[in-house]
Amino acid sequence: MKPFRSVLTALTLVSVLLISCGRERVVPASGPVAKGSLRDFSGTEISLIANKHPWVDLIRSRVHEFSETTGISVRITEYPEDQFRTKRTVELLSGLPRFDLYMIMPGNSLDAYLDAGWIEALDPCMEDSSLAWPDYDMGDIFPTALDVGVRGGRHYTLPVMLETSLLAYNKEILASFGISPPRSMEQLENAARRVWEGSGGRVYGITMRGKRGAATSQWIDFARSFGGNWLDDEGNAAIHSPEALRSLRFYADLLKRYGPASAPSNGWYESTSIFMQGRAAMVYDASVFKSNYENPQMSDVAGKVGYLPIPEGPAGSVPHVSSWGLAIYPGSEKKDACWLFMQWATSRDYALEGLLAGIPSARQSVWKHPRFLAAESSTEWAQSSLDSYHRASTHWNPPVINVERGREIAGNLIVLAILGGDIPAAAQEASRQLDRLIRMEKSSPE
């Protein structure tokens with residue numbers, strides 16, 4: 001927490017100015033800090049810029065409850081994701097953004113925003129008991145959900161949701177070929193092959209992302225499950241290691257032999273659409289798409305889908321977690337009001353409402369709530385999500401500031417592998433390019 005400063009009063013009364021998130025409050029030098037009131041900032045207006053997302057729809061519909069409780073008004077501006085990222089960056093680059101807090105996917109942007117000085121550490125707020133939302137319970141949040149937003153031991157985001165990737169499978173298709181749901185990589189390859197061959201190529205064994213940078217977030221789970229990673233123990237790029245190469249060949253062969261010919265240009269939308277049309281027996285992608293798979297207005301496979309964590313490879317089953325979170329702009333003069341809103345918006349009540357609406361929650365308790373257990377039709381989805389949360393890696397992107405460039409390097413390699421290129425040579429070159437990027441970023445002046 002920021003240090004206390006002593007000030008003298010005219011009557012030799014000594015007080016301490018406690019510097020919290022964004023204001024100074026005079027409290028007695030002796031005795032504990034008084035618990036603050038939720039209406040300390042009544043009349044304040046804060047502005048949130050957000051990605052167009054189901055969670056934003058939920059919060060927008062209930063934000064009047066926060067305003068009635070605190071007297072703080074909240075202006076929410078949202079944009080489709082690509083436009084949102086551009087708008088957020090342009091405003092931050094201007095030095096005069098018209099928002100106090102913003103949504104962020106830490107795995108994509110946190111390192112770059114921290115490097116640019118665009119994000120506020122939340123630890124002073126978290127440690128100030130006078131700013132605590134009633135019954136908030138930070139310990140109820142999955143440790144992996146918090147860790148996604150931690151750098152250098154400091155917290156920069158509060159998670160609004162937490163997702164992983166799961167293997168979704170069409171129960172009817174697998175059953176028609178006498179195939180059990182695959183729990184190992186060997187079983188996964190066997191299941192994909194049997195469906196493809198048994199259907200005469202009319203049904204794909206599996207569909208996954210193959211489109212350059214979009215594919216990297218899914219392939220990295222395979223890489224880690226085979227024992228590979230972005231970097232080796234010395235911090236050098238390792239996407240050319242034997243383990244990474246084995247995972248790359250496996251991922252590429254699944255798509256090349258048993259997947260759609262369009263795989264090299266398929267992102268999440270194309271891949272999940274193929275699965276929802278009943279044209280593929282399996283898909284590996286984000287857990288949040290369960291709400292699409294099970295929606296009969298969108299999907300031909302609703303009610304027919306099973307879910308598993310990523311199958312075990314030589315190094316086990318090693319998924320990732322990713323999260324959208326909330327962060328505060330350092331230049332805001334309303335940080336305390338922002339912190340109250342962030343806690344309210346990520347509290348148990350709204351985490352439960354979000355989970356009931358299909359938004360995977362970052363809070364542990366709501367997954368056990370009677371309302372969710374009574375409403376959830378797929379115990380497999382819930383259990384597989386929870387299993388993944390507890391053992392997942394929190395860093396799914398290349399560990400560089402310029403994440404887009406890092407994903408481009410790895411994504412080009414994935415496409416080449418699917419198309420049948422010289423994988424070892426291309427992987428060596430990709431590692432060299434990633435190493436150059438890492439060295440360049442380390443040598444850049446602060």
Side-chain angles (χ1 to χ4, degrees), residues 105-116 144 147-154 156 164-165 185 208-253 310 312-323 391-446:
M105 183 172 276
N108 271 341
S109 306
L110 177 53
D111 291 319
Y113 277 35
L114 185 57
D115 185 64
T144 46
D147 288 348
V148 166
V150 172
R151 297 293 186 274
R154 309 197 80 187
Y156 291 92
T164 184
S165 284
M185 291 294 179
M208 299 184 291
R209 303 185 202 184
K211 185 178 180 180
R212 302 189 185 281
T216 59
S217 59
Q218 309 308 305
W219 166 71
I220 190 59
D221 292 356
F222 284 77
R224 288 180 172 136
S225 296
F226 274 84
N229 211 333
W230 292 115
L231 306 180
D232 62 22
D233 292 341
E234 284 71 47
N236 302 307
I239 51 181
H240 66 292
S241 71
E243 296 82 6
L245 285 177
R246 187 177 174 193
S247 73
L248 188 61
R249 289 193 184 95
F250 184 86
Y251 190 94
D253 284 348
I310 185 171
E312 290 189 4
S317 172
V318 189
H320 75 277
V321 288
S322 61
S323 172
R391 64 170 181 268
S393 168
T394 58
H395 300 288
W396 49 279
N397 265 327
V400 292
I401 294 172
N402 189 345
V403 167
E404 184 176 352
R405 175 58 182 149
R407 294 182 76 178
E408 179 185 22
I409 292 169
N412 289 338
L413 175 61
I414 293 171
V415 171
L416 180 138
I418 297 170
L419 294 176
D422 185 343
I423 297 175
Q428 287 280 357
E429 176 57 26
S431 277
R432 282 193 288 269
Q433 292 179 23
L434 194 57
D435 273 329
R436 283 198 294 270
L437 180 59
I438 291 170
R439 288 195 301 271
M440 181 185 70
E441 291 181 347
K442 285 182 176 180
S443 64
S444 295
E446 297 183 1

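In what follows, every heavy atom counts, from backbone to side chain, and hydrogens, waters and symmetry copies are set aside.
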Visitor: Going by the rule side-chain hydrogen bond (donor to acceptor under 3.5 Å, both in side chains), which residues pair with S317 if we only count those two or more places apart in sequence or in a different chain?
Guide: R391
Visitor: What's the spacing between N397 CG and S109 OG if we round to 0.5 Å?
Guide: 9.0 Å
Visitor: Checking T164 now: which residues fulfil side-chain contact (heavy atoms from CB on, under 4.5 Å) with it, not counting sequence neighbours?
Guide: L166, S287, P319, V321, S388, Y389
Visitor: For a quick test of reading the model, state the closest non-hydrogen atom pair linking T144 to A392 and the distance between them.
Guide: CG2-O, 4.0 Å
Visitor: How would you list all residue pairs meeting salt bridge (Lys or Arg N to Asp or Glu O under 4.0 Å) that involve residues 428-437, not counting sequence neighbours?
Guide: E429-R432, E429-R436
Visitor: Going by the side chain to side chain contact (heavy atoms under 4.5 Å, CB included) test, name the single residue among R209, E408, R407 that passes it with T216.
Guide: R407
Visitor: Of all residues at least two apart in sequence or in a different chain, which pass the side-chain contact (heavy atoms from CB on, under 4.5 Å) check with V415?
Guide: R212, P264, L419
Visitor: For the pair Q433 (side chain) and I409 (backbone), establish whether a donor and an acceptor sit closer than 3.5 Å, ignoring hydrogens and angles.
Guide: no
Visitor: Hey, what's the ring geometry for W230 with W219, parallel, tilted or perpendicular (30° and 60° as the breaks)?
Guide: perpendicular
Visitor: Who passes side-chain hydrogen bond (donor to acceptor under 3.5 Å, both in side chains) against H395, sequence neighbours left out?
Guide: none
Visitor: Okay, side chain of S241, backbone of A238: is any donor-acceptor separation there less than 3.5 Å?
Guide: yes
Visitor: Around R151, counting heavy atoms of other residues, nucleotides and ligands shown, do more than 12 lie under 6.0 Å from its CZ?
Guide: yes
Visitor: What's the shortest heavy-atom distance between P424 and R249, and which atoms?
Guide: CG-NH2, 3.5 Å
Visitor: Give me the atom names and distance for the closest heavy-atom approach of T394 to D147.
Guide: CG2-CB, 3.9 Å
Visitor: Once rounded to the nearest 0.5 Å, what's the spacing between atom CD1 of I239 and atom CD of Q428?
Guide: 10.0 Å
Visitor: Examine distances only and state if a side-chain atom of S225 and a backbone atom of V318 form a donor-acceptor pair shorter than 3.5 Å.
Guide: yes
Visitor: Rounded to the nearest 0.5 Å, what separation is found between the CD atom of Q218 and the CH2 atom of W396?
Guide: 9.0 Å
Visitor: So which atom in G235 and which in I438 form the shortest heavy-atom distance, rounded to 0.1 Å?
Guide: O-CD1, 4.4 Å
Visitor: Got a sec, which residues hit ring pair (Phe, Tyr, Trp, His ring centres under 6.0 Å) with F250, two or more places apart in sequence or on another chain?
Guide: F226
Visitor: Going through the distances and angles, do V400 and R405 end up as a side chain to side chain contact (heavy atoms under 4.5 Å, CB included)?
Guide: CA-CA 9 Å; V400 292; R405 175 58 182 149; over 6 Å; no
Visitor: Which heavy atom in H320 sits nearest to a heavy atom in S165, and how many Å separate them?
Guide: CE1-OG, 3.4 Å
Visitor: What closest approach, in Å, do P106 and S323 show between heavy atoms, and which atom pair accounts for it?
Guide: CD-O, 3.0 Å
Visitor: With rounding to the nearest 0.5 Å, note down the distance linking CG in L248 to CG in L413.
Guide: 4.5 Å
Visitor: From R224 CZ over to I310 CD1, what is the distance, rounded to the nearest 0.5 angstrom?
Guide: 10.5 Å
Visitor: Roughly how far apart are Y251 OH and I220 CD1, rounded to 0.5 Å?
Guide: 11.5 Å
Visitor: For residues L110 and Y156, determine if any side-chain heavy atom of one lies less than 4.5 Å from a side-chain heavy atom of the other.
Guide: yes
Visitor: Which of these, S431, P398, P399, sits in a side chain to side chain contact (heavy atoms under 4.5 Å, CB included) with L231?
Guide: P399
